[in-house]
Amino acid sequence: FFQAEDGIRDKLVTGVQTCALPIFLNWIRYQQKNKLLKKSTFKPFETAEQVARVLRSSAKIKQLELKISISPDTSIHQYVEPFRILLHNLVSNAIHFTEHGQIEIGMAEHEMQKIVWVKDTGVGMNKRQVENILKGETIISSTSVDLRKGHGLGYQIIKDLIELMEAEIEINSQKGKGTTVQIYFN
């Protein structure tokens, strides 16, 4: 596995135990053997660009525009790999539940907090679906998009990463209009 700061390894292992094997393997793919997990200062624009490069072909198949609204000069002090995995899962979910329009990855600073968001023009969720996600329920379905269902494990990983990074999540969604997921970093 990999080395981590005190207490962090336990959070990672506990979060991963609840995941299905494919999601777990996706997590491992981003890890480097024997890498020490510690915070560092990096440019989230570059991370967003990397995620967009990986997922752009999936978006292109659906004729979705991937837009990055992060200043190239902005930096954040955080765990790099968990941040990348978080963005990857948020954008992947947005692509999965969006049939037309765009997906935006953005970042702003407000009162010493960094706010990262992923906004889509997808099918959206009703209030109950959002509450279920935030409570840890695992079924996310959307019958209006090719009868597809999400198993919710992507959001479980997102929630675990948010806890690891000591951040907060806010989900604003409207059925038929899209979803904005905001992550608040101190």
Side-chain angles (χ1 to χ4, degrees), residues 1-44 46-48 50-51 54-55 70 74-97 103 105-120 125 127-140 150-173 179-186:
F1 212 64
F2 59 90
Q3 297 176 348
E5 290 179 6
D6 292 341
I8 299 218
R9 178 183 219 166
D10 293 336
K11 287 181 183 179
L12 288 172
V13 171
T14 301
V16 169
Q17 287 171 348
T18 63
C19 298
L21 187 58
I23 301 297
F24 179 69
L25 293 175
N26 187 36
W27 170 275
I28 295 298
R29 188 180 87 207
Y30 286 99
Q31 303 306 317
Q32 294 177 5
K33 192 173 184 175
N34 298 321
K35 182 177 180 181
L36 178 64
L37 183 64
K38 62 181 181 178
K39 288 185 178 181
S40 61
T41 302
F42 62 96
K43 299 205 180 285
E46 293 171 3
T47 304
Q50 292 168 357
V51 168
V54 169
L55 295 174
I70 301 174
T74 301
S75 62
I76 188 170
H77 188 76
Q78 196 45 260
Y79 300 108
V80 178
E81 292 303 315
F83 186 88
R84 183 184 341 274
I85 295 165
L86 174 71
L87 271 186
H88 183 275
N89 276 288
L90 288 172
V91 174
S92 181
N93 284 347
I95 291 169
H96 182 74
F97 289 106
I103 296 161
I105 306 168
M107 183 171 187
E109 191 168 351
H110 180 70
E111 296 179 7
M112 302 300 290
Q113 270 192 326
K114 305 280 184 170
I115 305 165
V116 175
W117 70 85
V118 174
K119 180 179 182 178
D120 66 55
M125 296 177 281
K127 186 177 180 179
R128 185 170 181 208
Q129 288 171 311
V130 171
E131 288 171 356
N132 286 343
I133 288 170
L134 295 175
K135 286 191 308 190
E137 301 291 329
T138 58
I139 299 298
I140 302 168
H151 40 65
L153 292 175
Y155 271 106
Q156 184 60 49
I157 291 173
I158 289 166
K159 285 173 52 182
D160 290 346
L161 290 168
I162 288 167
E163 182 181 330
L164 168 75
M165 295 186 284
E166 299 175 338
E168 295 178 27
I169 185 172
E170 181 179 302
I171 302 173
N172 295 300
S173 189
T179 301
T180 302
V181 177
Q182 295 178 302
I183 311 297
Y184 296 84
F185 297 95
N186 290 320

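A side-chain donor-acceptor contact under 3.5 Å links Q182 and Y184.
Environment of NE2 in H110: sparse, with no more than 12 heavy atoms of neighbouring residues, nucleotides or ligands closer than 6.0 Å. With a 6.0 Å radius and a threshold of 12 heavy atoms from other residues, nucleotides or ligands, K114 has its NZ atom above the threshold.
At distances below 3.5 Å, not a single donor-acceptor pair connects side-chain atoms of K39 with backbone N or O atoms of M165. No donor-acceptor pair closer than 3.5 Å links the side chain of D120 to the backbone N or O of I103.
For the pair V51 and H88, the tightest heavy-atom approach, listed with the atom from each and the gap, is CG1-CA, 3.8 Å. Of all non-hydrogen atoms in S75 and P44, the two that sit nearest each other are CA-CD, 3.9 Å. The shortest non-hydrogen separation linking K159 to I133 is NZ-O, 3.3 Å. Closest heavy-atom contact between Q78 and F185: NE2-CD2, 3.4 Å. The two residues V130 and S173 have their closest heavy-atom pair at CG2-CB, 4.0 Å. Considering every non-hydrogen atom in both I183 and L90, the closest pair reads CG1-CD1, 4.2 Å.
Using a 4.5 Å cut-off on side-chain heavy atoms (C-beta onward), E109 and T74 make no contact. In this structure, the side chains of V181 and I158 stay at 4.5 Å or more apart for every pair of heavy atoms.
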Full working for side chain to side chain contact (heavy atoms under 4.5 Å, CB included) between M125 and T179: CA-CA 7 Å; M125 296 177 281; T179 301; 3.8 Å; yes

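Every residue meeting the ring-ring contact (aromatic ring centres under 6.0 Å, His included) condition with F42, not counting sequence neighbours, appears here in chain and number order: F83. For E170, there are no salt bridge (charged side-chain N to carboxylate O under 4.0 Å, His left out) partners, not counting sequence neighbours.
Taking CG of D160 as the reference point, atom CG of N89 lies at 10.5 Å (rounded to 0.5 Å). The CD atom of E163 sits 12.5 Å away from the CD1 atom of I169 when rounded to the nearest 0.5 Å. Going from atom CG of L161 over to atom CD1 of I85 covers 6.0 Å, rounded to the nearest 0.5 Å. Atom-to-atom distance recorded for I70:CD1 and I76:CD1 is 9.0 Å, nearest 0.5 angstrom.
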